Amino acid sequence: MNVGISAIGTYLPEKILHNTDLELTLETTDEWIQSRTGIKARHIAAEGEFTSHLAIAAVQNLVNKHGAAALEHVDLVIVATATPDAYFPSTAALVQAHFGLKAAAFDIMVACAGWVYALNVARAQIVAGTSQKVLVIGAETFSKIVNWYDRNTAVLFGDGAGAAILEPVGAGFGFAGFYWGADGNGAKFLHSGALGKRLPSGEPLEPFVVQNGREVFKFATRIMPEAIVQVAKNAGWQLEDIDRIVPHQANARIIEAASERLGLASSKFVVSIERHANNSAATIPLALEHGIEHNLIKQGDKVILVGFGGGLAWSAAALTWSY
Ligand SMILES: CC(C)(COP(=O)(O)OP(=O)(O)OC[C@H]1O[C@@H](n2cnc3c(N)ncnc32)[C@H](O)[C@@H]1OP(=O)(O)O)[C@@H](O)C(=O)NCCC(=O)NCCS
């Protein structure tokens, strides 16, 4: 059975925080942020606006674009998020209730690799016959867990959400391969805790994002090319067959390094980080939608989605675009 993505919708909160705004509160400059990361601005959720609200707005955008029929027969909702509204209920259950769906619902927590992990799980449910149609959302409010006094991390993240429908598609379209993995030994390089929680080493966790930027950069520039090569192999594709790569938007320099390592033109990579920064599990659907709107992704294109991040973890999907 061929399973693919049949609809996409996204949402970015109204408030925009430019690099120049951060110059007022942090020892940083617009020039530093842009040259080291490619980021110009990020969107910030309002007080009282939580991840479920962003997820619901992304689904509403999907419905506005593709019609209400897109949600008919959805029997499973998965939200990939590292910033859920609560430990429980799941953010997915809140989305299910809002749209009145007769669906199972659960969250997946794999930070920035989460959305592609969720696609893999969703596809497997459809192939197994336990679901007909799955709503897969990546939604985050990282602004609520970022330490706004730490210039090493505060400039990197933003809020946002993206939603997709997965269902059977025509022959020759849809997912051709997946690749995923994790290395919990890297937990010390990128994490965020709640008060009172600890790493297995006993180290207390701060209630906000803590990162060793250089180590994460090294990991990302190694794992992204590796995951692209592996997923292409699993799909039976040669690297030259790939029309477009939609990578996690963490840093434009990580994407450039992957393009150089693979010897693939940088124009093959969709980059939208400039306007929304790193929204963790939401960056890949946001970049995917950017690619579709700018005619960079068309029906029949061979597309690779690739994510990496906290865990450490990584995930990639190869699919032939179906609409
Ligand atoms: C965070 C990151 C942009 C830093 O860029 P970098 O070129 O590696 O910079 P360095 O870490 O070497 O820091 C260089 C200097 O800039 C300073 N600096 C850090 N953040 C700064 C900021 N916002 N503004 C100005 N200076 C800053 C550092 O303190 C350091 O100063 P020092 O040399 O006096 O100690 C980069 O390491 C990175 O992108 N890492 C991966 C992060 C990531 O993708 N995380 C999410 C994964 S899902």
Side-chain angles (χ1 to χ4, degrees), residues 17-42 80-83 108-117 138-143 145-160 162 180-184 186-192 208-227 246-261 269 271-274 276-287 305-316:
L17 194 65
H18 293 97
N19 293 346
T20 43
D21 298 321
L22 288 172
E23 284 180 353
L24 305 175
T25 53
L26 287 171
E27 213 176 299
T28 191
T29 61
D30 175 40
E31 197 281 322
W32 192 97
I33 302 169
Q34 279 202 51
S35 64
R36 302 294 177 111
T37 69
I39 298 166
K40 284 188 181 168
R42 70 284 295 137
T81 185
T83 48
I108 279 186
M109 213 300 286
V110 202
C112 306
W115 196 65
V116 181
Y117 257 74
E140 303 280 14
T141 45
F142 257 57
S143 67
I145 60 163
V146 156
N147 176 359
W148 288 102
Y149 298 102
D150 175 16
R151 67 177 184 175
N152 291 293
T153 50
V155 304
L156 301 175
F157 297 97
D159 302 334
W180 61 6
D183 177 11
K188 55 186 175 289
F189 297 136
L190 181 54
H191 53 256
S192 171
F208 43 70
V209 179
V210 175
Q211 172 173 256
N212 180 329
R214 278 177 211 178
E215 287 298 332
V216 175
F217 194 89
K218 270 196 276 176
F219 156 71
T221 50
R222 175 178 60 79
I223 205 67
M224 202 156 96
E226 192 180 306
V246 185
H248 171 46
Q249 311 282 310
N251 184 326
R253 286 195 297 140
I254 294 173
I255 299 172
E256 279 157 29
S259 134
E260 275 166 30
R261 273 196 194 187
F269 290 75
V271 183
S272 59
I273 190 172
E274 174 181 306
H276 59 68
N278 181 349
N279 329 81
S280 188
T283 70
I284 294 179
L286 282 163
L305 316 176
V306 57
F308 57 84
L312 300 171
W314 52 94
S315 55

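If you're wondering where the values come from, they're calculated on a predicted model, not measured in any experiment. Just so you know, ligand 1 is whichever comes first in the structure, and atom 1 is the first atom listed for that ligand.
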Nearest-contact summary for [atom] - protein heavy atom, Å:
atom                    : value
atom 24 (N) of ligand 1 : T28 OG1, 2.6 Å
atom 41 (C) of ligand 1 : G213 O, 3.5 Å
atom 18 (N) of ligand 1 : W32 CZ2, 3.4 Å
atom 31 (O) of ligand 1 : R151 NH2, 4.1 Å
atom 5 (O) of ligand 1  : R253 NH2, 3.5 Å
atom 44 (O) of ligand 1 : A250 CB, 3.3 Å
atom 19 (C) of ligand 1 : N152 OD1, 3.1 Å

Please tell me if [atom] is touched by the protein, where touching means a protein heavy-atom distance below 4.0 Å.
atom                    : result
atom 9 (O) of ligand 1  : yes
atom 3 (C) of ligand 1  : yes
atom 48 (S) of ligand 1 : yes

Donor-acceptor side-chain pairing of E23 and T29 below 3.5 angstrom: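 Per modelled atom types, E23 and T29 side chains form no pair under 3.5 Å.
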Residue portion contacting ligand 1 (non-hydrogen atoms closer than 4.0 Å) for I254: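 The side chain, only.
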Using a strict cut-off of 4.0 Å, indicate which atoms of ligand 1 neighbour a heavy atom of [X].
X    : result
N278 : 46 (C), 48 (S)
G309 : 48 (S)
C112 : 48 (S)
H248 : 48 (S)
F308 : 48 (S)
N251 : 3 (C), 38 (C), 39 (O)
V155 : 23 (N)

Option set Q211, Q249, E215, criterion heavy-atom distance to atom 43 (C) of ligand 1, minimum: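 Residue with the shortest heavy-atom distance to the ligand atom: Q211.
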Winner among E27, R36, E31, K218 once heavy atoms are compared against atom 14 (C) of ligand 1: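 Result: the heavy atom closest to atom 14 (C) of ligand 1 is in R36.
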Min heavy-atom dist I33 to ligand 1 below 4.0 Å: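 Flag not set, I33 not near ligand 1.
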Polar atom proximity, T29 to ligand 1 (N or O, under 3.5 Å):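 No, T29 has no N/O under 3.5 Å of an N/O on ligand 1.
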Under 3.5 Å: N/O of R214 near N/O of ligand 1: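 R214 vs ligand 1: N/O contact under 3.5 Å present.
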Criterion side chain to side chain contact (heavy atoms under 4.5 Å, CB included) on F157 and N279, from CA distance to verdict: CA-CA 6 Å; F157 297 97; N279 329 81; over 6 Å; no
From T283 atom OG1 to I273 atom CD1, the distance as rounded to the nearest 0.5 Å: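 Going from OG1 on T283 over to CD1 on I273, the span is 8.0 Å.
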Salt-bridge present (E215, K218; N to O < 4.0 Å):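 Result for this pair is yes, salt bridge flagged.
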